[in-house]
2 protein chains.
Amino acid sequence: MDERVPRDFETLRATILDRRASLPKRIAQIAAYALDNPDDIAFGTAASIAASAGVQPSTLIRFAQQLGFDGFTSLQQVFRERLRERNSSYDERLAALRAKAEEGAGHRAIFDGFVAAASTSLSDISRSLNDAHFEEAIALLAKAETIYVLAKRRSYPVASYIAYALGKLKIRNQLVESAAGLNAEMIGFATPRDAVIAISFSPYAPATIEETRAIAEQGVPIVAITDSSFSPLAQFAKVWFEVAEADFGGFRSISATMALAMALTVAVGEKRREAGRRRKG
Amino acid sequence: MDERVPRDFETLRATILDRRASLPKRIAQIAAYALDNPDDIAFGTAASIAASAGVQPSTLIRFAQQLGFDGFTSLQQVFRERLRERNSSYDERLAALRAKAEEGAGHRAIFDGFVAAASTSLSDISRSLNDAHFEEAIALLAKAETIYVLAKRRSYPVASYIAYALGKLKIRNQLVESAAGLNAEMIGFATPRDAVIAISFSPYAPATIEETRAIAEQGVPIVAITDSSFSPLAQFAKVWFEVAEADFGGFRSISATMALAMALTVAVGEKRREAGRRRKG
DNA sequence: GTCAATATGAAATATTAATTCCAATCCGTA
DNA sequence: TACGGATTGGAATTAATATTTCATATTGAC
């Protein structure tokens, strides 16, 4: 290995892009693959990578040698180092934010704490959301005549956002909140051709549970957003989502719930447009 | 490998912590090392890891087997998968999410788009929040007798959350929303010893602007959350925050605004408790 | 079109690493 | 303290993986 072998990923990347034009076909093929799938290079074996890229293992080694490495193994080190660094920097950043927040370093720390909680919640839900459930919920809501939205207390802001967004999308909806105490009557109008989005987290607001039960008994299908399979909402729901929100200082984030709610709403709008086009065309 | 082998890192971690007490000495040693240095497990060889942890390679394999894996290699997969998922830096991951979302790959893409928008917004505000303004806003709100909360339409969910949180913290507040059309009268009660949190983004809801103007003319100090220095709210406010929310599919995120609102609220509660202690002590 | 240089594929080989095995040690119990 | 089972260390074995080699194909120059 001579002295100008790229040691870090960025240099390596630049080197590859630089020489791209002058590389033989198969080597170029591997080069492109490497830049597109750096993770595969980091973790794969020479054989598996070669197969994925559609070349022979020996080509992979030639590629490494052409870049000045003495073999595939040393090339791979660069790709691994990259993952290590990136990962630690991300982790470190969040951890630092949270650590600072938790040791209580003034008001800025409170802010950092909420940002960290929100980020964590988002990243959790992004991993854990079940695609099939999501599709099912969309289908169910898209064919509803009226969507009833049900949530109190901490979840109420989410409900009010859903109602706002559905309104913008011209989807008929009813936020179940009556200053005049007419919630029960409002719910009474719902039919099995409608649908409900119910949101509640522990400690579950009794009114939400009661209203959800009542509306479920009328045969109205329910999509629930809640925090565990033991949630009383889960038993009434056709589809339910488990959303784990991180908390800070006793206040739980609602960013993941909010993101899910926005996505549901817009996806329902989307689905209705598709259905509309199909009917017409 | 039986059916309850941990497949993801978090489950694995929980399993290890759970059994920790009952593990033999050397196995426990490896277990601790694994949780402390997950990256080393992901990248190292059985021999190198064993050496770093101060045990024999065979112990490492026994550890894996005790967890239900059929060998070190399958245990290592979990640690590698973790790196892959957390993968690229924050930015890169976001870019990937957004790219996928924008090429319109179905409903899941919509969800990913909203998660990406929320994450971006959070990371932006985390960088751009001005500490001095933040402290100033907290001071101003902490000494208010009543905090009036003013927001319509898209910002309304944030306002309702603030009202909820202030209530939980036993801070007197008034959400300016009257079904009976009595907002003007409600605002009329505010005095310079009170304070206002006003939230509005372009296109600014005329009612919010009008009410903010009215309450400002009564000499009530205003903290505004808005989206640019040209915002009509900025001119009325004692302190104002510029929050840039990313959007997806025409719907802007509110996660950054929400995080700021939560932080403001809790910080105000905190400051009041401090002040209370000082007065008593 | 022919030749030489270069590139490629496939299998053989060398290397490295994971796993197994067995003897030695430790630990709790009678 | 003697026994048995569990745990550990270390070497032997086996599996896997990278690398090399060599025959074949491709490309470009004359």
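Residue numbers begin at 1 in each chain, while the letters A, B, ... track the order of the sequences.
- Residue Leu60(A) contributes atom CG, which lies 11 Å from atom C1' of dT19(D) at whole-angstrom precision.
- The listed nucleotides are dC21(C), dT20(D), dT8(D); the one nearest the side chain of Gln65(A) is dT20(D).
- Nearer the 5' end of DNA chain C, as judged by each residue's closest nucleotide, is the contact made by Arg26(A), out of Arg26(A) and Pro57(B).
- Nucleic acid contact class of Ile27(B) (heavy atoms, under 4.0 Å, all strands): sugar-phosphate only.
- The shortest heavy-atom contact between Gln76(A) and Ala42(A) is NE2-O, 3.3 Å.
- For Ser200(A) and Thr208(A), the side-chain atoms include no donor-acceptor pair closer than 3.5 Å.
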* side chain to side chain donor-acceptor pair (under 3.5 Å) between Arg62(B) and Gln65(B), intermediate numbers included -> CA-CA 5 Å; Arg62(B) 287 176 195 127; Gln65(B) 289 170 340; over 6 Å; no
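- Here dC21(C) is the nucleotide among dT19(D), dC21(C), dC22(D) with the atom lying nearest to any side-chain atom of Arg62(B).
- In this entry the distance linking CD of Gln66(B) with C1' of dA6(D) reads 11 Å, nearest Å.
- Computed from coordinates, the Ile61(A) CD1 to dG9(C) P distance equals 14 Å when rounded to whole Å.
- Side chain Thr45(A) to base dA16(D): no donor-acceptor pair is found below 3.5 Å.
- What separates CD of Gln56(B) from P of dA18(C) is a distance of 14 Å, to the nearest Å.
- Within 3.5 Å, no donor on the side chain of Thr59(B) pairs with an acceptor on the base of dG9(D), nor the reverse.
- One atom, CG of Asp70(A), and another, P of dA14(C), lie 19 Å apart when rounded to the nearest Å.
- Residue Phe69(A) contributes atom CZ, which lies 12 Å from atom P of dT19(D) at whole-angstrom precision.
- In this structure, Lys25(B) atom NZ and dT25(C) atom C1' are separated by 11 Å, rounded to whole Å.
- What separates CD of Gln76(B) from C1' of dA15(D) is a distance of 15 Å, to the nearest Å.
- When each of Phe251(B), Phe111(B), Phe248(B) is checked for a side-chain contact (heavy atoms from CB on, under 4.5 Å) with Val266(A), only Phe251(B) meets the rule.
- Nearest to the side chain of Pro24(A), among dA18(C), dT8(C), dG10(D), sits dT8(C).
- Within the structure, every side-chain polar atom (N or O) of Ser58(B) is placed at least 4.0 Å from both OP1 and OP2 of dG10(D).
- A donor-acceptor pair shorter than 3.5 Å can be found between the side chains of Arg26(B) and Gln29(B).
- Nearest to the side-chain atoms of Phe72(B) among the listed nucleotides dG10(D), dA7(C), dA18(C) stands dA18(C).
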